[in-house]
Amino acid sequence: MLALAAYPLGLQCEFLDRDAATPGGQVAPILVGELDDAQKLKQLAARVDVLTFDWENISGEALAPLRRLTRIRPSPMALRISQDRLHEKALFTKLSIPVAPHAAVDTQRQLERALSRLGLPGVLKTRRFGYDGKGQALIRSGADAQAAWARLAGEALIYEAFQPFSREVSIIGARSARGEVAYYPLAANTHQDGILRYSVAPYSNRRLEKAAAVYLRRVMRALDYVGVLAVEFFVVGGRLVANEMAPRVHNSGHWTIEGCVTSQFENHLRAICDLPLGSTRTLGAAAMINFLGTMPSRERLLDIEGLSYHDYGKAPRAGRKLGHCTILKSRVADRNRALRQVLSLVEWT
Ligand code: AMP
């Protein structure tokens, strides 16, 4: 999706990925190698004007030496903070952004202490390399705690008090090197088993959007951030509690391809290439639905008016994000009706 946004701007992309048969490889030259392969990274960095990433579980250490060869945007520092839930929460707290009560857990004794201090229910998570609900366990009882410890012990962990949220929302914005910021309206996100199923946008709540934008700007300024950044929140008692951030284009912003004047992908490219940021004005009421594990019937979906279809060309595998579709309507009621129709046709496996 980055490469597709790059072409009309006259920008050329080149990717590094572990497999030539990845979505990027279908639309741009691809260098095949491990994402922390120093030689491959060096080869890529030597050829490009700017290096970026759309997955945060890559090695900040592997990227750091490339700074001598090219610009890396966003910075490896932003990447490193976002890779560790404890560091991320420390940054949010330093910036007066509310987070769930939490404690670092490295031993069973620390888990017991965290449980008695923060109470039940809660979520035990790996601090690093977790995404889409991977490396997490919901703890409601002592027995759950035992099982969670048995499954996750051995890695640096964090225990968080469960947040009784009414909604999950995210804000996405782009910041240029000059400090110019453009942000999109909030998206309301529905997860199941820790994986995003669908997003509805704009989620119209002026007060929450204003608060989210203030928090987003604070994080961006603190990191001297360049590129697109997403911050996910729980809405608890009408207030925002930050869950995590992603230093990249984000799944909950895929709707911006059709739903806004300038997509998150284009704005990421504009930001990292020192081009003026584009308008984030919305073009209607949008919804984005992920295709997970199985592709739905293309014919039946394309029959829905105002629907755009995205097939990433990936091999099907349980829980894998294979594509998505976006609905764009002028009226919220029509969007909601089409969303229900799509949900009845999509099977998540
Ligand atoms: P994460 O990987 O932290 O984004 O977690 C994936 C999903 O699990 C979130 O989007 C929530 O739906 C749920 N979740 C994670 N942490 C908590 C928490 N502390 N309280 C309630 N739900 C949570």
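Predicted model, so just to flag it, every value in this text is computed and none were measured. Residues: numbered from 1 along the sequence shown. As the structure lists them, so they are numbered: ligands from 1, and atoms in each ligand from 1.
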Next on the checklist: Please work out, at 4.0 Å between heavy atoms, whether the side chain, the backbone, both, or neither of Pro164 comes within that distance of ligand 1.
Outcome noted: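 Looking at Pro164 and ligand 1, no heavy atom falls under 4.0 Å.
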Checklist entry - Which part of Asn243 is near ligand 1, with near meaning a heavy atom under 4.0 Å away: side chain, backbone, both or neither? => result side chain
With a cut-off of 4.0 Å, which atoms of ligand 1 are near a heavy atom of [X]?
X	value
Ala161	19 (N)
Gly194	6 (C), 7 (C)
Glu160	16 (N), 18 (C), 19 (N)

Checklist entry - Is there a side-chain contact between Leu31 and Arg47, using heavy atoms and a 4.5 Å cut-off? => result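 The answer is yes, as the side chains (C-beta and beyond) meet within the 4.5 Å cut-off.
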Checklist entry - Does the side chain of Phe265 come within less than 4.5 Å of Leu4's, by heavy atoms? => result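 Not in contact.
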Item to check | Whether Phe233 and Tyr215 hold their rings parallel, tilted or perpendicular, with breakpoints at 30° and 60° | outcome: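 It falls in the tilted class, 30° to 60°.
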Checklist entry - Would you call the rings of His324 and His310 parallel, tilted or perpendicular if under 30° counts as parallel and over 60° as perpendicular? => result parallel
Checklist entry - Side chain of Gln110, backbone of Asp106: donor and acceptor closer than 3.5 Å? => result yes
Checklist entry - Is the shortest side-chain N to carboxylate O distance from Glu244 to Lys89 below 4.0 Å? => result no
Checklist entry - Do any N/O atoms on Arg85 end up under 3.5 angstrom from N/O atoms on ligand 1? => result yes
Checklist outcome for this item: Out of Glu168, Gln136, His191, Lys125, the nearest non-hydrogen contact to atom 6 (C) of ligand 1 is supplied by Gln136
